[in-house]
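Below: one structure, written as structure tokens.
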Amino acid sequence: MKTHELSLSSRFELKLVPPYDFRLTIHKPAGWSFLTPDEVFEDDTLWTATRLPTDEMLGLKLRSAGTAAKPTIRCEVYSGKRVTATDKKQFSNLLTWMLRAEEDVKPFYALAKHDSLVKALSKDRYGMHRTERPDLFPQLILAVTLQMAPIARSDQMMDLLIKEYGEKITFDDKEVLYWPSPETIAKKSASELREKCKLGYRAPVLQGIAEALGRGFPTPMDLESMSAEEAKLKLMELKGIGDYSADIVSPHFGFPLDVWSAKIFSLLLVGRHPKSPRTDIPKLKRIAEKRWGKWRGYVFTYVLNDIPNLSKRFKLNLEDL
DNA sequence: GCGTCCAGGTCTACC
DNA sequence: GGTAGACCTGGACGC
């Protein structure tokens with residue numbers, strides 16, 4: 001396994017737009033990782049890693065030094081090269097973007113005045129933010145492995161991809177395994193990927209995506225600068241990425257309903273179990289857009305991270321769907 | 001044990 | 001433009 005030994009390159013504090021709950025944001029209650037499933041979260045400190053569009057690896061140590069009302073995050077960036085003052089400024093800008101430090105969620109919470117679901121969500125998960133990744137490939141791996149598989153099987157495929165082809169990042173006496181690069185996956189045969197990572201028909205799909213990224217593809221930052229529709233269409237040019245996957249991967253983040261979440265939102269939005277969850281997806285997406293507009297992605301993230309509370313509050317059996 | 005069924009989409013062929 | 005059917009494979013389920 002390729003190993004990167006990184007050393008401290010930059011240390012700075014970020015002031016964030018309140019309310020901002022550090023723990024809820026970077027260590028989400030439903031268990032989704034910030035950047036890699038192998039990141040370490042101890043004593044309200046996160047050690048994680050990311051790959052930049054330049055292919056450089058960074059180690060990140062993030063720690064809250066404030067409260068949800070007065071949020072501050074102490075950031076340490078670990079790198080494998082000597083960094084300049086310009087690099088340090090870019091690290092600060094990058095973390096601001098990744099943590100959505102400047103995003104004001106108060107307009108979202110204002111919807112609670114006339115919306116009982118948003119009222120519950122904003123109370124349960126006050127200060128939780130969505131986050132961004134500068135590395136597109138892990139999001140695409142997530143989207144592809146989620147397709148047509150129970151979550152345990154998706155986890156199995158992702159774990160095997162990281163163990164077989166991932167990279168080891170060591171810094172600050174910690175070790176973090178990170179996702180494989182598109183270059184690594186593009187070089188493997190589909191049959192090897194299928195066998196070692198139990199990817200099934202997804203093996204050639206993932207390899208094709210890795211090859212497409214290697215030929216040049218917009219970065220997440222590029223996609224964000226496009227309109228939401230343009231970004232989605234660009235992502236859907238990748239074979240194996242359809243409407244649902246593009247909604248997950250796009251930094252504009254749509255309302256990525258799959259069969260499982262369609263069952264949940266059918267109960268929350270129209271108060272009944274769907275007869276055919278897959279058929280109901282377009283209708284549910286339209287209802288969500290009309291009800292929450294640009295904040296529907298936030299509603300989606302909040303709901304997925306608040307299932308046990310919502311089940312009790314609205315007397316719905318959402319945990320067994 | 002063993003066989004059967006199906007899952008947190010996408011693509012293609014066919015009408 | 002709409003839709004049925006195929007797609008890997010592991011695990012749940014019934015027997």
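Below, all heavy atoms of this structure are taken into account, side chains as well, without hydrogens, waters or symmetry copies. Lettering follows sequence order; numbering is per chain, from 1.
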Nucleotide of B:dG9, C:dC8, B:dG8 approaching A:P150 most closely (side-chain heavy atoms): B:dG8
Spacing of A:L199 atom CG relative to B:dG9 atom P, expressed in whole Å: 17 Å
Sugar-phosphate only, base, or nothing, as touched by A:S245 at under 4.0 Å among non-hydrogen atoms: sugar-phosphate
Cation-aromatic face contact A:R130/A:F253, 6.0 Å, 45 degrees: yes
P atoms of C:dG11 and B:dT10, separation to the nearest Å: 24 Å
Phosphate-side-chain proximity, A:K239 and B:dT12, N/O vs OP1/OP2 below 4.0 Å: yes
Parallel, tilted or perpendicular, as decided by the 30° and 60° cut-offs, for the rings of A:F255 and A:F265: perpendicular
Whole-Å distance separating the CD atom of A:Q147 from the P atom of B:dG8: 13 Å
Pairing nucleotide - C:dG14, Watson-Crick or G-U, each distance under 3.5 Å: B:dC2
Any A:F34 side-chain heavy atom under 4.5 Å of A:L46 side chain: yes
hbond_proxy A:R153 side chain to B:dC6 base (donor-acceptor, 3.5 Å cutoff): no
A:Y244, nearest nucleotide to its side chain (from C:dG10, C:dC8, B:dG9): B:dG9
A:Q139 (side chain) donor-acceptor with A:D135 (main chain) under 3.5 angstrom: no
Closest listed nucleotide, where the reference is the side chain of A:Q156 and the choices are B:dG8, C:dG11, B:dG9: C:dG11
Length of the line joining A:L146:CG and C:dC7:C1', which is rounded to integer Å: 17 Å
Cationic N near anionic O, under 4.0 Å, A:R82 to A:D87: no
Nearest listed nucleotide, side chain of A:V259, among C:dC7, B:dG8, B:dT10: B:dG8
Distance in angstrom units between A:D258 CG and B:dT10 C1', rounded: 14 Å
Distance below 4.0 Å between A:K198 side-chain N/O and C:dT9 OP1 or OP2: no
Value in whole Å for how far the C1' atom of B:dG9 lies from CE of A:M236: 11 Å
Interatomic distance where NZ belongs to A:K196 and C1' belongs to C:dG10 [whole Å]: 20 Å
Sugar-phosphate only, base, or nothing, as touched by A:I241 at under 4.0 Å among non-hydrogen atoms: sugar-phosphate
Pair A:F91 and A:F12, ring centroids less than 6.0 Å apart: no
Sugar-phosphate, base or nothing in reach of A:I264, heavy atoms under 4.0 Å: nothing
Donor-acceptor pair (no angle test) under 3.5 Å: A:R278 side chain, B:dG9 base: yes
A:R194 side-chain proximity, nearest of B:dT12, C:dT9, B:dG9: C:dT9
Interatomic distance where CE belongs to A:M157 and P belongs to C:dC8 [whole Å]: 13 Å
